[in-house]
Structure formats: structure tokens, C-alpha cells
Amino acid sequence: MSEAQEYVPSVIKAEELNPKFKYEMSKKHGAEKIMLCFQCGTCTADCPISRFSDFYRPRKIARMMQLGLKDRLLSDEALWLCSSCFTCVDHCPQGVEIAGIVRVLRNLSVKENRIMPLVYRELASNLLKGGYVYEIVESRHKKRAELGLPPLPKPNLEEIAKIFEITGSSKMLENVKTFEKVKS
Amino acid sequence: MAEGEIRIGVYVCHCGLNIAGSVDCKEVAKYAATLPHVVLAKDNRYTCSDQGQEMIKKDIKEHRLNRVVVASCSPRLHEPTFRKTCEDAGLNKYLFEMANIREQCSWVHLYDRKAATEKAKDLVKMAVAKAALLQPAEEIEVPITREALVIGGGVAGIQAALDLADTGYKVYLVEKEPSIGGMMARIDKTFPTMDCSICILAPKMSDVGHHPNIELLTNSEVVEVKGYIGNFHVKVLKKPRYVKSDCTACGECAKVCPVIAPNEFDAGLAIRHAIYTPFAQAVPSTYIIDMNRCLNKDGVIVCDKCIKACERQAIDFDMKPETIELKVGTIIVAIGADVFDPSVLPNYGYGKYSNVITSLEFERLINAGGPSGGHLIRPSDMQIPQRVAFIQCVGSRSDRNGRLYCSNVCCMNTIKDSLLIKEHWPETEIYVFYVDIRAYGKGFEDLYKRAKKEGVIFIRGLPAEIIEDRKTHNLWLIGENTLQNELYKVNVDMVILSVGLEPRKESEIIQRLLTLSKTQDGFFMEAHPKLRPVDAATGGIFFAGCAEAPKDIKDSVTQASAAAARAGILMAKGKVTVEAITPISYADKCKACGLCTKVCPYNAITLNKELKRIEVIEAACGGCGTCAAECPFDALTQNHFTDEQILAQIDAVTEYDAEKKIVAFCCNWCAYAGADFAGVSRMQYPSNVRIIRTMCSGRVAPKFIERAFAKGAAAVLVAGCHPGDCHYINANYHTKRRVERFWEKMEKNGLNKERLQLLWASAAEGERFASKIREMQTIVEKVSREEIESSKKVFEKALGGS
């Protein structure tokens with residue numbers, strides 16, 4: 001009996017479903033064709049991440065979006081596993097851009113202050129500090145010069161900071177919860 | 001025309017509360033009575049009822065009415081009813097006109113009684129204005145030749161030919177291959193009954209060969225079709241067989257022939273000689289020489305082995321292609337479908353991995369008469385496979401790899417194939433990878449259940465790719481089992497790709513020869529998807545089998561019998577009447593420029609260069625009116641949709657408050673029907689639109705649009721069928737061209753081109769129509785007085801000559 005009490009079945013309750021969610025999402029660039037997905041599984045079958053993960057299933061993300069399981073989707077760390085290789089986009093028989101859908105969901109997650117991997121905050125701070133997402137070490141500049149490549153353009157840090165302010169990115173990055181690693 | 005005074009009777013129908021609920025019918029009738037030529041106007045509850053019709057008949061006689069206008073539902077519904085009423089009372093049916101105040105007024109303006117009533121008045125005024133100009137017309141009769149042509153000798157063509165021949169009509173059956181039989185002859189068993197396919201087909205094939213009413217033309221192609229319903233002149237190119245019909249099919253020739261080639265009938269899995277018969281049951285059984293393979297070319301004989309072997313001396317290298325001319329009354333198109341070629345899909349490795357085959361190749365392998373004598377062997381090592389996988393939807397349901405539609409037959413074909421394997425080798429492991437299994441027909445679900453009972457494993461989720469083990473030539477399938485949310489990696493000995501069906505490559509030639517339309521999927525389009533499913537839009541032509549859409553044997557046979565019956569009805573009658581909406585040409589104005597002949601989708605207009613005039617073949621005319629819209633000299637107009645009538649309707653709309661109104665031209669088949677559908681669905685839209693019905697949007701001449709603007713209309717809508725879906729083959733492409741040119745003209749004159757809108761809306765797209773009107777309302781609101789005045793000025797010239 002005690003075992004039965006501890007067991008929490010994974011049930012989708014009707015009140016969790018938001019029938020309007022898919023319409024809202026289908027207005028966003030990249031997620032336009034979400035309604036067309038017929039769950040053939042080609043995306044998961046092709047996905048290089050899925051082959052090494054027990055729970056990252058692009059097909060499932062598409063289904064959850066169709067069902068309107070917004071909260072589950074946005075609080076799911078697995079959303080951040082996609083490497084944006086776009087193989088799923090290339091092979092989907094219905095032309096659904098799964099990678100685009102993932103991007104839309106990630107943006108929404110940050111916008112609504114849900115979750116985001118910590119690394120994004122670091123990348124943002126790199127951008128603000130040096131104008132590049134990755135810190136470019138001095139030796140790299142030298143190497144370029146040796147190879148006869150033109151020097152990298154000098155970033156306008158003031159403008160970058162301004163963009164961060166105007167778009168509200170700074171605030172979002174501050175407020176969103178972060179996590180270090182996707183729990184498996 | 002009836003001489004003397006025009007006397008119009010107007011009947012405003014309440015349709016219970018359907019119209020009277022939102023339109024004040026009494027007031028509309030009172031208003032109608034004030035219109036010119038109207039001698040009486042009444043309102044009543046149900047005009048279409050017997051009493052309603054009797055009243056009209058009585059009035060026609062008592063009040064000497066010579067035009068009748070009924071304001072009620074859509075003419076698409078009751079125009080035939082009231083036309084008959086008029087005829088019964090001795091009034092020519094072309095003197096009747098209808099105002100659509102239900103679907104296009106009361107139902108779409110449910111909550112604004114005042115606006116709906118005003119609109120109804122306008123619609124009645126337009127109908128009265130047109131009615132005053134109506135002319136009586138006689139429909140011409142065209143005789144029908146009592147002979148039929150069937151193109152394609154698959155099971156559909158065979159059935160259609162036999163049905164017609166049994167009815168007593170002479171039938172010409174043209175088949176491009178050396179034998180009839182088509183796809184069905186190549187299949188091993190049929191689903192769901194598991195009959196031997198060739199065993200049930202062969203007797204029918206032989207019936208065709210022996211039928212006194214059927215002339216079989218194999219190895220032949222239709223190269224020219226001229227004429228029209230009842231009177232088609234067809235040229236058939238009969239290519240030489242190089243073997244005379246004296247051949248007894250003994251096969252001695254093939255035994256000695258030194259040349260070998262892949263056998264097309266066996267999907268290239270077996271060989272044949274240069275002289276061959278495609279398969280044992282071929283009809284005609286006469287052998288044929290493949291000249292592309294034979295050593296003897298252009299009459300130079302270097303090898304005479306077959307000639308020597310033939311006891312009957314049936315071989316004749318001097319045979320020449322013949323052109324046969326036929327005169328037929330009806331044509332049945334049964335050209336079938338091609339199978340999808342999966343070699344375009346790199347991830348499945350077809351053509352690269354020897355053990356990946358198609359379902360058609362499988363049929364030949366499992367067939368006792370096939371290359372392996374019915375042993376399912378895998379190509380790499382000729383061993384019987386222990387584990388077999390089927391992959392569904394190859395080339396179907398995909399907008400990237402193949403076709404968007406479901407090919408209809410592959411699910412059941414795979415289930416049948418899996419059972420065939422189980423029947424012979426019950427130990428075989430069979431996996432079917434699918435997205436959805438469609439077992440919708442009679443006995444289909446039973447067969448599906450049987451396959452599951454036999455242990456066939458169905459896995460939902462298509463493999464992403466197939467990887468071959470280079471040593472063993474076994475295959476790995478990798479994908480997601482979507483029902484378990486898990487990935488699979490399955491190892492099998494052989495993979496069968498369940499390939500879909502696609503339109504024949506040659507279908508474009510047939511389309512051009514017979515002036516047919518196609519739906520977006522590339523198959524031929526029926527005249528009506530529900531109610532005329534085997535008729536082509538072009539009169540006298542019918543479809544059978546996969547030419548119209550992918551279908552199984554049973555459906556092909558059903559459709560073939562239906563097509564034969566439809567063709568038979570025409571031929572039994574022996575004549576056909578053509579609706580009097582054909583062009584009228586004025587020889588005095590015609591400059592013999594020939595523009596009309598170029599836009600006619602039916603080639604119904606020819607230019608007589610000697611007499612410098614055009615000639616209209618009324619029987620071939622479809623009645624779209626595109627020619628009339630094209631004529632720059634006003635030398636051509638359309639019966640029952642004359643320039644004067646349409647201009648009178650425009651003038652009626654724009655008499656008052658033109659600057660608030662939208663003049664909409666809608667084609668009868670799509671846009672007008674779509675607007676009706678918006679009404680049936682009670683979709684609400686602004687009430688300032690006035691619809692003028694034309695048979696095709698191609699009838700809308702630029703001068704009509706000019707007239708509307710010259711009269712101060714705020715906006716004009718031209719609406720027709722989607723490009724490619726036109727009921728007059730391609731007439732709406734001319735609509736597009738004319739509207740685009742009109743936009744340029746508007747821009748050049750500094751007018752806001754948004755005021756002229758073009759809409760493609762199908763009969764089912766009521767919402768599309770309604771939202772277009774809503775969108776145009778915002779444009780109308782923005783149009784300023786100055787803009788109205790300037791467009792009035794620009795198109796001033798259009799006011800002359802109504």
C-alpha cells in the first residue's frame with residue numbers, strides 16, 4: 001500500500017491543457033506549422049541528441065505544444081539540449097521546423113522568467129565586456145595577423161549595452177532562474 | 001425578342017423567417033413595384049412551394065408578364081426550379097432572373113435589419129435592371145456519335161470497355177504497352193480477399209480480346225484529339241509489333257533470340273529477349289520485337305534466327321507505324337498512376353543497398369510466375385530472409401520527399417504482403433514501420449487484425465535511415481517508437497519500401513490533348529468532387545481508376561463501371577443540349593484580330609482568315625465568357641451575361657451611395673458558391689458589398705471595373721476559383737493578367753490600387769470570402785472624396801454606350 005501511495009502517475013490533467021497556446025505559438029516565426037505535425041517521429045529518429053539522451057524527444061516537444069502543455073514545456077530543462085543542427089527541419093515530411101519551435105520556446109522561457117542554463121548569462125556578460133560571445137585571447141589576434149587576416153572589427157560596447165537595455169535583455173537575464181546542467 | 005412593352009413581375013420570398021427574419025420583405029416588394037418596367041411585385045412565404053409557383057404561372061398569363069424576377073435564395077439552388085415554372089407558363093426560361101437575398105443578404109446580416117433591407121432592395125434593383133435586358137434563347141442540340149474511346153488498358157480501362165461493349169456500343173481501347181492488364185497484372189494477390197490477382201483479371205482480359213464490340217489497339221498512343229462532346233476526332237499512333245497476328249505464341253522465336261534485356265513486367269528482376277511476350281497471360285498474346293534491342297535496325301537484317309524459327313512466318317520486319325483515325329462520342333480516361341521512385345531518398349539507400357526493394361518488386365518476387373518462382377529471396381545472396389521490415393508512406397504524406405497526399409493503397413498492400421510471407425514462411429519476423437494504418441474499407445480491419453494475430457509487429461514511427469552492414473548486407477533501421485517514446489535500432493535481412501502512387505508522367509500529354517484540369521496533387525479533376533465524381537469538366541469525357549486519384553482495384557472497377565454508365569447515358573440519348581450562354585459575335589465590329597481564339601480554353605473559336613471573321617463552335621463552348629472579356633472592339637459578348645446586362649447591374653448598384661459600396665464580381669463555381677457558403681454558415685460581414693454573378697471570373701472585362709469606378713464605387717472585388725482549379729480549365733489566368741494590368745493602370749493614374757482586389761476562394765472557403773469583405777471595408781472607409789472623384793475622372797470614358 002505504501003508503495004502505491006508514493007507512486008505519482010504521470011497524468012495530464014485537463015486543466016493543464018491550454019488550447020490557445022498552439023495558436024499563439026504558430027504566430028511566431030519558426031513555429032508556424034506546429035499544427036501540421038502528425039507525430040511520425042522522423043525528427044527524433046534523426047536527432048543526434050536523442051540518440052544519447054533518454055528523455056530529449058523533439059517529437060514530444062511538438063506534441064506538448066499542440067496540446068498546450070505550456071508550463072511543463074517551459075520548465076523542462078530538456079528544452080535546452082537541442083544543438084540547433086536543424087536535421088529535424090531538413091527531414092520533417094510536413095515541413096514543421098522543430099528547431100524553430102525549440103527556439104521559440106526558449107525565448108518564451110526566458111521572457112517569462114522561467115529557466116535558462118547558466119552559461120547564457122556568462123555568454124551575455126562576455127558580450128557586454130568584450131563585444132564577443134567568447135573571450136578572444138591576445139594570441140588569437142596575433143595568429144590572425146600572422147596569417148594575413150584582417151583584424152577583427154572593434155565592437156562598440158556602448159551600443160551593445162544600449163541594445164541590452166532597450167530590448168530588456170539585461171533585466172530578463174537577471175530575473176530568469178538558471179541551472180548549471182541538465183539533470184538526467 | 002418578344003415585341004413591345006417589357007413587363008416584369010417581382011416576387012420577394014420570406015423563406016419562412018430565413019429571409020423575413022432580418023429583411024423587411026414587404027418593404028422590398030413595395031420598393032420593387034416602383035422600379036422601371038415592373039408591373040407587379042408581391043411578397044410571399046415560400047415562393048418555391050407549389051402555391052408559390054402556381055401564382056407565378058397565373059400572373060404570367062393574367063398580367064402578360066414577359067420577365068420574372070424572384071428574390072429568394074441562391075440561383076445555385078432554385079434557378080432551375082423557377083426556370084421550369086416560367087417554361088410551364090410558356091415563358092422562355094432565359095427570361096427569368098434571380099436576386100439572392102438569403103445566402104448573400106439575410107443570413108450574413110442577421111443583426112442589422114435596416115442595412116439588410118437596404119441591401120435586398122439593391123439586389124432586387126440589380127436583378128430587375130438585368131431582367132429588362134434579358135433575351136429569350138434556344139438551347140442547341142448536338143448529336144452524339146455512339147462509339148467510345150477508352151484510354152488505358154489497366155483494370156479500370158478493361159472494366160469500362162467491357163461495360164460499354166456489353167451495353168452495345170463500339171469501343172476502342174488504346175493501351176501504350178504491348179499487353180493490357182496494367183498494374184493489376186503485376187500484383188500477386190489482392191487485398192482483403194487474397195485472391196490471385198492475375199487469375200481474376202485474365203478472364204476479363206481475354207473477354208476484351210474476343211469481344212465483337214471492342215477494337216483493341218495495344219502498343220498504341222493517342223496523339224491528337226479534336227472536336228467536342230459527341231464528336232471527337234481522335235488520331236491514334238499504332239506502333240509496329242513486327243509480328244503479325246498469325247502468331248500462335250508458341251515461343252520458339254524467343255528461344256533462339258540472342259539478345260537479352262531486363263523484363264519490365266518483372267520490374268527488371270528477370271530477363272526477356274528482344275522478341276518476347278510481356279507475360280504468360282498477355283492479351284493480345286502475339287509476340288513483339290523490341291526494336292531498341294533487336295540486332296536488326298532500319299530494315300537491315302543481320303540476324304534471322306527468329307524468322308527461321310517461326311513456322312507461321314508471322315515475323316515481319318517491314319511493319320510500319322500506322323495512324324488510325326477514330327470518330328467517337330465519348331472518351332474514358334483510365335491512364336492509371338506511376339509508382340514513386342524511392343531512389344531520390346538517400347537515407348533509405350534504395351538502389352545502393354541490394355536488399356532494399358520496393359513493394360512492386362516484392363509482388364514480382366512473391367509471385368509464382370515471377371523471376372524467383374514465388375520464393376521470396378533477398379537480392380544480395382538469394383537466401384530467404386528471416387527478418388523483414390516494411391516502411392510505410394515512402395513518397396506519400398510528405399511535402400519534401402514525394403507527395404503530400406495519402407496514396408490510399410499502401411497500408412493494406414503491406415498488410416497483405418506481410419500475410420503472404422507468413423503464409424509461406426511462418427517463422428519470419430516481420431516489422432511494419434508506419435505513421436497511421438488506414439484500414440478503412442470493407443474487410444480491411446479484419447485483414448489488419450489477422451496480420452497482428454499472425455505476429456506481424458507494427459511499430460509507430462518511421463526510421464530516419466537505413467544502414468547496411470557491408471559484410472552481411474543486413475540492414476539496420478534506426479528510429480523512434482513514438483508510442484513508447486523510445487528509440488529503436490532493428491536489424492533485418494531485407495527492407496521493403498511501401499511506395500506511393502503518383503500521377504503518370506504522360507498525364508500531361510493527355511491533359512493537353514483533351515483540355516482537362518488537374519487538382520493540386522497532379523491527378524485529373526472531376527467536374528464536382530461529390531456529385532459528378534467521374535465526369536471531367538470538359539463534356540463527354542470521364543475518368544476511371546487511378547487517373548483521378550490513387551485507388552485500389554475495387555474502387556477502380558467501381559469507378560470504371562460508373563464512367564461507362566455516364567458515357568452510356570450520353571450515347572443512349574444520342575444528343576446533348578448546350579446551355580445558351582455561348583458567345584454572340586457581331587461581324588460588323590469584328591476586326592478578325594484573333595485574340596478571342598487565343599484565350600478560349602476549349603478551342604471553340606476559330607478564325608476564318610479568308611472571310612475575316614470568327615466562327616464559334618457552340619457545342620464545344622464551355623460558357624465561361626473569357627472571349628467576350630478579351631475582345632477590344634466590343635464585337636463579342638456572352639449570351640445571358642451580355643455587356644449591357646452586366647453594365648446595367650453595375651449602374652443599379654452605383655446609383656446611390658456608390659462611394660460606400662463594394663462592387664464584387666464572383667464566378668459561379670467557386671467565389672459565388674463560397675459567398676453562398678458564408679451565408680449557409682451564417683458568417684457575418686459588412687453589408688455594403690453587392691455581388692454580380694458571372695460564370696467565370698474570366699468574364700470580367702476591364703470595362704466593367706472601369707464602369708464601377710467611373711460611377712464612383714469605393715472598391716471593386718474580382719473573385720474566382722484558385723489558379724489551377726478553374727472550372728473552365730485555365731480561364732482564370734486571364735482574370736489574373738487583366739487585374740494585374742488594371743492595377744498598373746491605376747498606379748499610373750495615381751489611384752490607390754488597393755481599391756481593386758483580387759480573391760481566389762473555393763466553394764468551401766466562406767470564411768475566406770467573408771474576411772476579404774471585412775478587410776475591404778477598412779479600405780472603403782479610408783477612401784476619400786477626392787480619390788472617388790479622381791477615379792471617376794480617370795475612367796470617365798467608360799460611361800459611354802450602355
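Labels below follow one simple rule: chain letters A, B, ... track the order of the sequence lines, proteins then strands, and each chain is numbered from 1.
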Chemist: Can you tell which part of A/R51 gets under 4.5 Å to a heavy atom of chain B, answering side chain, backbone, both or neither?
Modeler: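 Both parts, heavy atoms under 4.5 Å.
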Chemist: Could you tell me if B/R403 sits above the aromatic ring of B/F340, with its cationic atom closer than 6.0 Å to the ring centre and no more than 45 degrees from the axis?
Modeler: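 No, B/R403 does not sit over the ring of B/F340.
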Chemist: Out of A/C47, A/C92, A/S50, A/A45, return the one with the most heavy atom pairs under 4.5 angstrom to chain B.
Modeler: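 Winner by heavy-atom pair count: A/A45.
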Chemist: At a heavy-atom separation under 4.5 Å, does A/C43 approach chain B through its side chain, its backbone, both, or neither?
Modeler: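 For A/C43, neither part sits under 4.5 Å from chain B.
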Chemist: Using salt bridge (Lys or Arg N to Asp or Glu O under 4.0 Å), reason through B/E480 and A/K60 one step at a time and then give a plain yes or no.
Modeler: CA-CA 11 Å; B/E480 185 194 12; A/K60 200 172 155 192; over 6 Å; no
Chemist: Is it true that B/F523 and B/Y405 have ring centroids separated by less than 6.0 Å?
Modeler: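 Yes; B/Y405 has its ring centre under 6.0 Å from that of B/F523.
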Chemist: Which one of A/R63, A/H91, A/R59 has the most heavy-atom pairs closer than 4.5 Å to chain B?
Modeler: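 The candidate making the most pairs under 4.5 Å is A/R59.
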Chemist: Please state whether the rings of B/Y440 and B/F444 are parallel, tilted or perpendicular, taking 30° and 60° as the class boundaries.
Modeler: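 Perpendicular, since the angle between the ring planes exceeds 60°.
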